Amino acid sequence: MLLEVENLSVTIGQISPLEGVGFSLDRGEILGLVGESGSGKSLTALAVTGLLPLIDGRVTAGHVRFAGRDLAALPPCALRALRGKRIGLVTQNPMTAMDPVQRIGAQVDVMSRLHLGLSAAAARARTLELLTRLRIPEAAAVCDAYPHQLSGGMKQRIVIAMALAAEPELIVADEPTTALDVTVQAQIIQLLGEEVKRRGLGLLLITHDMGVVAQVCDRVAVLYAGRIAELGPVGGIFARPAHPYTRALIDCIPREGTAPGSLTGIPGAVPSVTTYPLGCRFHPRCPRARPICSATVPPLLNGHACHNPLEGADG
Amino acid sequence: MLAFTFRRLLALIPVFLAVSLIIFLILHLIPGDPVDNLIKIGASAGQRAEIEARYGLDRPLPVQYLVWLGNVLQGDLGTAIVGRRAVSAIVAQALPYSLMLGGCALLFSSILGIALGIVAALKRDRWPDQAIMGGVLIGSTMPGFWLGLMLILVFAVWLGWFPVSGARGWTSLVLPVLTVGLGGTALVARVTRIAMIEAGQRDFVLLLHAKGLPVWRIQLFHVLRHALIPVVTILALRIGWILGGSVTVEVVFARPGLGSTLIKALAQHDYPVVQACLLMLAVAVMLGTLLGDILQAVMDPRVRTALQ
Amino acid sequence: MNMAAALAPAATALRSPKGAIAGGWLLLVILGAILAPWLTPYGYDVQNLPGAFQPPNAQHWLGTDEFGRDLLTRLLYGARTSLSVSAVAIGISVTAGLILGAVAGYFGGRLDRAVTVVVDLTWSFPEILVALILVAIVGPGVTGTLAAIGVAYLAQFTRLARAQIMAIRAETYVEAARSLGASDAFILFRHLIPNTLSPVLVAAMLATGDAIILEATLGFFGLGAQPPIPSWGAMMSSGTAQLFRAPGIILFPGLCVAATVVAINLYGDALVRALDIRSRARTH
């Protein structure tokens, strides 16, 4: 396994936004991590890239194992050597992701210079090749530009280029398209999926959009309020969701033929981390809730954590 | 860039006119006949007529202003009442001393202030930060002239390391530069610290860490690089403040310069000299703001784009 | 807001150790200034030439100056001048700035632009320069110092008040008052200005610290309160000539200025925390 997350709990100050999260990801595989905002998705991305200390976060239980090594046991310098070189990160908002006062070229070059030990000229040649692969027109001109001179979609391609530059084995993409125009979103996801598959990398794709998951992912983990609700292959989960929350997320995908107004939203909102309900955290919003749901936490069995799973699902 | 500099320079013209108008009006706002304020007591009627003709004092106020402004722009700042020398000569003599003091103080407070600010930001909320910020608070609350006097007492009188006053040789520059510079250091350190902390919380820093860059490289080449934009801008804006500080310090150290000339002239009611000194200081402040704008554009490509 | 509610943050600010020390020193200085005639048996301008340059002793706790005047006495009376001149000047500045900024921010348009231009112009010049221009016009003395400090800080308060008013101008309770037919003056003075008071007053307090330094500087140049009225700045001015012989003449007033300004800053910080201005600003 390339990446194994086991029973991961994360604490920031007094609050524990992640509790007992687990999933795994192999080379050449795309795992979608889905949830609404506030469910702990971005925190998972930081935990996997070892960046939790930046936001004063701490792993309090469980492990993140990358290529068999426990990240928590690594000293900071070893962790840093891993980042960028073997684990690439694509962040949420390309508008603010890059240093605004440095030229694009230099920001990409640094990856191959730092991690592959290339000379300045060789790094630039590599950057140009990479940008061209990512279908960025006039790559040489783009290298001389500053981030604010590019469109959002272009910037996200650059961020992807930075993540790919040092030939990593794992890419963590945290909502890579949320900040982009709808028309560009599909292109970027497509591009990212293609590159990852072509290079045989693992991709942890964090999103709130089940449509994106359906488009590129092999497997999916559904996160709700800091816990895994459902986990399994995309085909099976889309065909027979077991958790009512997964079902509701799938119903949120706009389809051809449905009028925009007829979208079924999920009533209520994700509870904030200070007001997590007892038992199953989804029960206040769940149409299938039973008394037991507010009393005990459903364990993750057979790929879902639900006391009253939907019919047709296994278990 | 050149076009931008030129445009900023043009934008300063109305400011210059407004400030020069106020400085011109000083002569008319003070009690008494302007002629009396331009001439020694007991001057003859002939001298009075000469002054009146020279400044056009018999003509309406707007015309007088234009005559005065025209003279100023040609380098004619009038004649000092005390000593009867050309004011331009007095200013020309004082200016190099003030520039030297101001320049050195600016350099000193930039280097020390930025260094202290970086340390405070990196060690945020730990003892080095608290020590530096405490020192900065005390440093910024001491009147400049008092600090100067105390430095004289300790380093010139008790220890005898530096001369007490005057402007002979570089040793005479040390204490004045320290005095002016320490106040500036406090400001620069405070701004650098806040700018570093704010820049460190920006989104792009996360991605820099994710790219696997060494922490020192992120802090120096990215976070500090960003933090320096407001710091440099404020430093340039504060050139005026540094000059203001040098006014008091020049008096304390009995150094020749614009400030000591100004204070002496104020005490002697030598208004042409007062006007000239104030005008020079005001021009320095304006050039400082111009410099700040230019430096900001040099350091921040986004500003450059906004200009085009 | 009743009196007790208004004073509550001032008391809360005393709870932190820094706030307590700072508040204690300020109280000491203010009481000393007010009670000066009863605290000391000496007159501030009674000369006693044979007793000049005395070191600190039982009769003269801080010693005497070059004319044999008691230094502590002069410090206490000097506090009267320095504190009252600074406070009154800032009071004038705050009142004028609050009205100017509030009116400009509320009505906007050409008036606002005119005010902004003038304020930005003054803002870009060092306070000492603005003050020196004012002293050049009004002339040295208490009046000149009041005018100099008042005008030097006017820009700061106008800016602050204007920004505050602009931020709350569009809030619902203002709209509600307007729809109920309240006049502009009523909205401005009964709703808007009271709501901007706490940040403006804290800024005023901090500016009073700067004003004390400015007052001392003008006094040191001989442009402030004229002799025989003692002020901290004037004491240091006359002490310059005696620097080598009796450094205490300069040391003590300078320490008073520095300590008072540090105390004002620390207490101001504590007050900001007690009023929770920053978090309130965030919710607005």
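Because the structure is predicted, anything quoted here is derived from the model rather than measured.
Atom CE of A:M162 and atom NZ of B:K211 lie 4.5 Å apart (nearest 0.5 Å).
For chain B, the nearby part of A:V110 is the side chain; its heavy atoms alone come within less than 4.5 Å. For B:L213, the parts lying under 4.5 angstrom from a heavy atom of chain A are both the backbone and the side chain. Heavy atoms of A:Q92 lying under 4.5 Å from chain B are absent altogether. Neither the backbone nor the side chain of A:T49 comes within contact range of chain B, judged by heavy atoms closer than 4.5 Å. A:L82 does not touch chain B: none of its heavy atoms, backbone or side chain, sits under 4.5 Å away.
Among the residues in residues 113-133 of chain A, those with a non-hydrogen atom closer than 4.5 angstrom to a non-hydrogen atom of chain B are A:L114, A:H115.
Residues A:P100 and B:H226 form a side-chain contact, since some pair of their non-hydrogen atoms from C-beta on lies under 4.5 Å apart.
Side-chain N or O atoms of A:R80 include one that pairs as donor or acceptor with a backbone N or O of B:G212 at under 3.5 Å.
Taking a 6.0 Å sphere around CE of B:M299, one finds it holds more than 12 heavy atoms contributed by other residues, nucleotides or ligands. Residue A:E138 places its CD atom among 12 or fewer non-hydrogen atoms of other residues, nucleotides or ligands, all under 6.0 Å distant.
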Exercise. In sequence, state the C-alpha distance, the side-chain angles, and the governing distance for B:L206 and A:I55, and then conclude on side chain to side chain contact (heavy atoms under 4.5 Å, CB included).
Key: CA-CA 10 Å; B:L206 176 79; A:I55 54 163; 5.9 Å; no

Exercise. Could you walk me through whether B:L207 and A:V159 pass the side chain to side chain contact (heavy atoms under 4.5 Å, CB included) test, one step at a time?
Key: CA-CA 9 Å; B:L207 195 64; A:V159 175; 4.1 Å; yes

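A:Y146 and B:R304 make their closest contact through OH-NH2, 3.3 Å (heavy atoms, listed as atom of the first residue, atom of the second, distance).
Options A:T91, A:D99, A:T96, A:I87 differ in how many heavy-atom pairs under 4.5 Å they form with chain B, and the most are formed by A:D99. With respect to chain B, the highest number of heavy-atom pairs below 4.5 Å among A:K85, A:M95, A:Q107 belongs to A:Q107.
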